Each structure stands twice: as C-alpha cells, then as structure tokens.
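Keep in mind that what you see is a predicted model, and the values were worked out from it rather than measured. These numbers come from the heavy atoms of this one structure, side chains and all, not from hydrogens, waters or symmetry mates.
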Amino acid sequence: MGGQDHKLLRGFETNDDAAVYLIDDHLAGVLTTDFLTPLVDDPYDFGRLAAANALSDVFAMGAKPVMALNVLALDCALGTQVAADILRGGADAAREAGCIVAGGHSIDDPEPKYGLCVFGTADPNKIVRNGGALPGDALYLTKPLGTGTMSAAYKVGRISEDDFRCAIDSMCELNRAAGEAGVAAAAHAMTDVTGFGLAGHLHEMLEASGCSVELSWEALPAFGQARQLVAEYCRPNRTFSIMDFAAPFVEQGSLGDEDFDNRMGLLCDPQTSGGMLVAVAPENAALFETEFKARAQRDPWRIGTFVEGPECHIRLS
C-alpha cells in the first residue's frame, strides 16, 4: 500500500456500494463497476437496465455520476446491430443520469455481458454510506421487489412479455431520485438492492450500523405476480442460497412460521437494478417523501423502523 492510503475514504472493507477517494478538501471521487448477463430479450432494454444498475452504486453514495466506460462482451456472430442497440441503451441511461460515456472495452464472448465503469463526484462531507442508520430512523424502499422471480418466470414461459414489462421498466429506471432525495433529507445510510436480495443488502446495512430493524411485511412492495410466483416455487436458483444465508438473522416475529418459506422467498429474491434502501431520521421522513415524489412522480415505500440490537436482525411484523 502506498502513501496515499489516507485518501481512500471507502474501499471494500464495509461492502459499500463504491470506492471513494479524497481528491481535495472539497471534492471526492466515487468509482464503481458492474455488469450483467441478459435478463431480457431486447438488446436496447438490456443495455439500459444494465447501465441503470451500474449507475445506482454512485447514487447510493449520494454522488453524481460524471463519466462512464462501457464494458461489453458479445459473440461476434450476433452482428454489429445487437452491439449498437445495447450500447445505445446504456448511453441513453447515462445521458439521463447526466453522465458522459467516453469509450470502453469489448471482447468476443459466447455469453453476452454488459455494464459500465462509472466515475462520480461528491462533497466528501456529504458522502452517504451503507452504515450510519440509528435506532428510530425510518427505513424506505424505492422500487418493488421481485425482479429475479419475474425474470425466472418469463424465461420458462410462466408469464408473458407484457406481464414482465412492469419489472423491465422498473429495472430501467434510474435510482437518481432516491439518491438525490436522500442527500436532500440528510439520509443516515443508503444502499441499493441487487443480487443479495432485500435481506442480504439490508443485513449489510444493519451490520455497518450496529442495529436491527422492525420490518413491516404488509408494507413491502412487490410486482403484481411476484408473490404468487414465489409461492408456486418459480424462483431463481440463487434465492435458495440467499435464504440459507439469511435464515439466522430473519425473525418471523408476530407473523408466525406458517408462511415462513414464502416470505423468505420474496425477501431473498435477487434483484437487478432494484430500488434503494434509505435510512432517514424520523424528523426528516416527510422531507424525504416530498423530495422523492417531486423527482420520481410517485411515493417511496416506508417499510420499517430501525431499533436497538447489535445482533443485526430483521424482525418481521
């Protein structure tokens, strides 16, 4: 390690969403990369949602994306039009985020993959981390759950493309509104919900904050068919490994254990370009809701309250 280590404000040690480097007293650089295999058939939609997914890590730190590089793997046999459509989707998402795409790298690969390496900036005194939530804070989620289940169902023909459209549109939606609203409301902690599901990413927030959370099961938003599909065991394979991981720290509370498996199936559904988890002081909850709605034209979901508890448990009620 070199002599500039003190300028690395955030690395990988706390599972934060991006690395943060202090440029000077008034400016921090935020750097992240993420890429995906296709969840959808349309190349443009794939490019857009993969880019939105990568940009989320910058928004989750309370930063603004400035510049991005494409990361593309594609079988040359698919032709240049497929590549062009993927990159156009990514460029449109980046443009909406106020970010310039300045090149990138591609390789010939039989399995398509696409994403972005994103550089953003923030005031170093206003960086929002995944830790910092306090007992009494309100917990918000800004997108419905179930993208993994809906994708699995579409792939095996259980739902139509029209049924899947609500999840595709959600995955293509930027988390810019959540990040900006969180900064405006002085959020104590933020993180996006992706491949480890709500349970996994919320647990990371709890571990980094040293508290637990009371989670309202009825308040959790999900795509229209997701709960039923989970109950019918139309779940991604990864759901089951996340369930095994999460079982020790998810308590069923007053709900009882009779529907434990189905609840865990939704809590542990791996998300792609999912919403943000935002911890806000109770006196700033109304401000967060107002700021988010002004940007997203819809309300966020208030899904729980942080409580005392170093065991970092998720308690359903």
Side-chain angles (χ1 to χ4, degrees), residues 32-59 65-120 143-177 192-195 223-226 229 234 236-238 269-275 296:
T32 186
T33 187
D34 207 339
F35 57 97
L36 306 169
T37 55
L39 280 83
V40 295
D41 294 331
D42 182 79
Y44 175 83
D45 282 340
F46 171 47
R48 188 171 179 85
L49 73 85
N53 183 70
L55 289 159
S56 287
D57 288 341
V58 174
F59 291 129
V66 174
M67 186 173 67
L69 298 175
N70 290 308
V71 179
L72 177 66
L74 199 65
D75 190 334
C76 290
L78 291 175
T80 57
Q81 188 58 53
V82 172
D85 288 344
I86 292 171
L87 295 176
R88 181 168 57 89
D92 284 352
R95 187 177 302 110
E96 183 182 342
C99 178
I100 298 169
V101 179
H105 187 69
S106 63
I107 62 170
D108 186 10
D109 193 326
E111 183 174 21
K113 304 172 188 72
Y114 176 66
L116 296 176
C117 178
V118 187
F119 174 77
K143 289 185 185 181
L145 301 172
T147 59
T149 292
M150 295 289 282
S151 177
Y154 176 67
K155 287 177 180 178
V156 298
R158 291 286 296 276
I159 61 173
S160 68
E161 186 171 353
D162 286 344
D163 294 329
F164 189 29
R165 191 72 235 179
C166 60
I168 296 172
D169 290 343
S170 179
M171 289 187 284
C172 289
E173 178 186 301
L174 298 178
N175 273 323
R176 181 176 185 172
D192 58 341
V193 183
T194 52
F223 296 108
Q225 293 161 278
L229 289 164
C234 185
N237 287 335
R238 190 172 185 183
D269 184 64
Q271 304 301 285
T272 297
S273 191

Over all atoms of both residues, closest heavy-atom pair of Ala102 and Leu69: O-CD2, 3.5 Å
From Thr272 atom OG1 to Asp192 atom CG, the distance as rounded to the nearest 0.5 Å: 11.0 Å
Please examine the side chains of Pro65 and Phe59, heavy atoms only from C-beta on, and report whether any two atoms are closer than 4.5 Å. yes
Sequence neighbours left out, what pairs pass salt bridge (Lys or Arg N to Asp or Glu O under 4.0 Å) with at least one residue falling in residues 80-89? Asp85-Arg88
Measure across Gly275 and Asn175 and return the closest heavy-atom pair with its distance rounded to 0.1 Å. CA-OD1, 3.9 Å
Count the heavy atoms of every other residue, nucleotide or ligand shown that sit under 6.0 Å from CG of Asn237, and state whether that count exceeds 12. no
With a 6.0 Å cut-off (strictly less than), is the heavy-atom count around OH of Tyr44, excluding the residue itself, greater than 12? yes
Separation between OG (Ser151) and CG (Leu229), nearest 0.5 Å, reads 11.5 Å
Run the side chain to side chain contact (heavy atoms under 4.5 Å, CB included) test on Lys113 and Leu36 for me, step by step, so that the C-alpha distance in whole Å, both residues' side-chain angles and the decisive distance to 0.1 Å come before the verdict. CA-CA 5 Å; Lys113 304 172 188 72; Leu36 306 169; over 6 Å; no
Heavy-atom neighbours of Leu78 CG exceed 12 at 6.0 Å: yes
Rounded to the nearest 0.5 angstrom, the CG-CG distance for Asp42 and Leu39 is 13.0 Å
Contact check, side chains of Pro112 and Asp75, non-hydrogen atoms, under 4.5 Å: no
Regarding Arg48 and Glu173, does a basic nitrogen lie under 4.0 Å from an acidic carboxylate oxygen? no
Rounding to 0.5 Å, atoms NZ (Lys155) and CZ (Phe164) come to a distance of 8.0 Å
Looking at Ala54 and Thr32, what are the two nearest heavy atoms and their distance? O-CG2, 3.8 Å
Before you tell me yes or no, could you show the steps for His105 and Asn70 under side chain to side chain contact (heavy atoms under 4.5 Å, CB included), namely the whole-Å CA-CA distance, both residues' side-chain angles and the distance that decides it to 0.1 Å? CA-CA 6 Å; His105 187 69; Asn70 290 308; over 6 Å; no
By salt bridge (Lys or Arg N to Asp or Glu O under 4.0 Å), which residues pair with Asp41, not counting sequence neighbours? none
Side chain to side chain contact (heavy atoms under 4.5 Å, CB included) test vs Leu74 passes for just one of Val82, Thr80, Asp109, namely Val82
Determine, step by step, whether Phe223 and Ser170 satisfy the side chain to side chain contact (heavy atoms under 4.5 Å, CB included) criterion, reporting the C-alpha distance in whole Å, the side-chain angles of both residues, the deciding distance to 0.1 Å, and the verdict. CA-CA 10 Å; Phe223 296 108; Ser170 179; 3.5 Å; yes
Under the rule for side chain to side chain contact (heavy atoms under 4.5 Å, CB included), what residues qualify as partners of Arg165, not counting sequence neighbours? Asp45, Ile168, Asp169
Under 3.5 Å, is there a donor-acceptor pair between the Asn53 and Ser56 side chains? no
Nearest non-hydrogen partners of Ser273 and Met171, listed with the distance: OG-O, 2.6 Å
How far apart are the C-alpha atoms of Asp34 and Asp57, what are their side-chain angles, what is the distance that settles it, and do they pass the side chain to side chain contact (heavy atoms under 4.5 Å, CB included) test? CA-CA 9 Å; Asp34 207 339; Asp57 288 341; 4.2 Å; yes
Could you label the plane-to-plane angle of the Phe46 and Tyr114 rings as parallel, tilted or perpendicular, counting under 30° as parallel and over 60° as perpendicular? perpendicular
Drop me the distance from Cys234's SG to Ile159's CD1, to the nearest 0.5 angstrom. 8.0 Å
What's the shortest heavy-atom distance between Cys172 and Ala52, and which atoms? O-CB, 3.8 Å
Interatomic spacing from CG in Leu145 to CG in Asp269 - rounded to 0.5 Å: 7.5 Å
For a quick test of reading the model, state the closest non-hydrogen atom pair linking Leu55 to Ala97 and the distance between them. CD1-CB, 3.9 Å
